[in-house]
Amino acid sequence: MSFLKKVCIVGSGNWGSVVAMIIGKNIAKSKQFDPLVKMWVYEEIINSRKLTEVINTEHENIKYLPGHKLPENVVAVPNITEAADGADIFVFVLPHQFIGRLCDQMKKHVKPDAIGISLIKGIDEGPDGLKLISHIIHEKLGIEMSVLMGANIASEVADEKFCETTIGSKNNIHGQIFKELIQTPNFRITVVEECDTVEICGALKNIVAVGAGFCDGLGSGDNTKAAVIRLGLMEMLAFAKLFCKGPVTSATFLESCGVADLVTTCYGGRNRKVAEAFVKTGKSIEDLESEMLNGQKLQGPQTSAEVYKVLKQKNLVNKFPLFAAVFQICYESRPVRDFITCLQNHPEHV
C-alpha cells in the first residue's frame, strides 16, 4: 500500500485561500498526496455565521477571497491541533505576528519527520537581532523548512494570470515535493538552494514598497519610483549579505523572489497603497491598516522597525538611508518630504 502524504495549510486569509485553491486542485490529480486538505481557519463570525461553516458548505472564503470557489477537498478546521494532527506537510501562510503562538499550540501534534514551507513575508525580533520566520518554525516544531516567495499578488494568482515564484530549499527532494504540490501552468516555480536569501527578499521588499508609496503620495512620478526600486534593491542585497549566514548571490535576487517581487509590490501591493494614503491623509499607519485592509496585516512598516533596531545595534543606520527613512517617517514623525532628500543623498554604493 502506498503512503499518501497528508497536507495541512496553516492560515486562510487572502493569500492562504489562493494557495488552498491551487493545492486542493493539484492534490486531486496527484497520486503522492492524500486527497483531503485540512486548512486551519481563524474563526470569525461573518453575517451571523461561522467562517469555517461558510467555507465548508459554500466552498468560498467570503471574507478574504470572495468570488472564488475553493475545491471541495479543502476542509476548514478552526482548531489548530486538530488541523495539524497527522499531517506530513505543513504550508504556513498567515501574518507573521501569530506564528510563535500557533507553533506552541501545534508542537505536540506534529510528526518529527514532517516538513514545512513558509509563504510568510516578514521577519521577527530575536535576542540576537532579527529572526527569519522559517527559523522560528524550525526551532519551535523541529521540522525542516523551505520557503516560497515571489511576485505573487493574490488576486491575480486566483484569476490564473501567469506569474512566477521561487522556492528556497536546502533539501532538493523537499523542494521538488513542494513544487509538485503548488506549481500550475500559470504559477511557475523555480527551486533554488539559498533559502535564507529567498526569505529575506520577501521581507525587505515590503520596506521598499512603503517608500514607493511615499513617492506616489508626493506625486513624484515613475522616474523617482524607479530610483526607489534600484536603491532599495541595493540595500536589500547589502542587508542580506550582512544578515544571512549562508551564501548570498546576486543571481537569487534576479529570481522572482527578488527583483520581480520588488517591482510588483512597488506598483501593486498593499504596502504601497497604504503608504500613499499615509501621505495624502495624514492618518496613522495603524488607522489606515484597519480602514483599508479588511483584516489583513501590513508588513512593511513593522519590518522597517525590526530592521532599524538591528542597524542601530550594529551602528549601520547611515549605510541604509532608505530603510532608515521609511522607519523614521512611519514612527518618528520625520517629514515625508525627507524621503526625496534621502534619495538625493543616497551613497553610490551601499
Is there a side-chain contact between [X] and [Y] (heavy atoms, below 4.5 Å)?
X    : Y    : result
F323 : L204 : yes
H138 : I143 : no
F243 : D196 : no
T265 : V208 : no
M106 : L141 : yes
I23  : F33  : no
I177 : Q32  : yes
T165 : M149 : no

Margin query: If hydrophobic clusters are built from ILVMFWY residues whose side chains come within less than 4.5 Å, do I137 and I117 share one?
Written below: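 Result: no, two separate clusters.
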Next item on the list: Answer yes if F92 and F98 sit in the same cluster of Ile, Leu, Val, Met, Phe, Trp and Tyr residues linked by side chain heavy atoms under 4.5 Å apart, and no otherwise.
Entry: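 F92 and F98: one cluster.
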Margin query: Would S30 and E180 count as a side-chain hydrogen bond (donor to acceptor under 3.5 Å, both in side chains) here? Give the steps.
Written below: CA-CA 9 Å; S30 171; E180 182 180 342; 3.3 Å; yes
Next item on the list: Please say whether the positively charged group of K225, taken as NZ for Lys or CZ for Arg, lies over the ring of Y267, i.e. under 6.0 angstrom from the six-membered ring centre and within 45 degrees of the axis.
Entry: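 Output yes; distance and angle both within limits.
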Margin query: Evaluate E44 against K63 for salt bridge (Lys or Arg N to Asp or Glu O under 4.0 Å), listing each step before the verdict.
Written below: CA-CA 9 Å; E44 299 177 68; K63 178 166 185 182; 2.7 Å; yes
Is there a donor-acceptor contact under 3.5 Å linking the side chains of [X] and [Y]?
X    : Y    : value
S118 : E199 : no
R49  : T57  : yes
E235 : H346 : yes
T249 : E194 : yes
H135 : D124 : no

[X] (side chain) donor-acceptor with [Y] (main chain) under 3.5 angstrom:
X    : Y    : answer
W40  : P78  : yes
S169 : N172 : no
N56  : A76  : yes
H96  : G122 : no

Item checked: Identified side chain to side chain contact (heavy atoms under 4.5 Å, CB included) counterpart of K6 within the set D85, I27, D34 ->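 For K6, the side chain to side chain contact (heavy atoms under 4.5 Å, CB included) check succeeds only for D34.
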Next item on the list: Might you work through the side-chain hydrogen bond (donor to acceptor under 3.5 Å, both in side chains) test for T81 and N79, ending with a clear yes or no?
Entry: CA-CA 6 Å; T81 57; N79 184 303; 2.5 Å; yes
Item checked: K280 with D216: basic N within carboxylate O range, under 4.0 Å ->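 Judged by the 4.0 Å cut-off on N to carboxylate O distance, K280 and D216 do not form a salt bridge.
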Next item on the list: Specify whether Y331 and F327 have parallel, tilted or perpendicular ring planes, treating 30° as the upper limit for parallel and 60° as the lower limit for perpendicular.
Entry: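 Tilted: the ring planes of Y331 and F327 meet at 30° to 60°.
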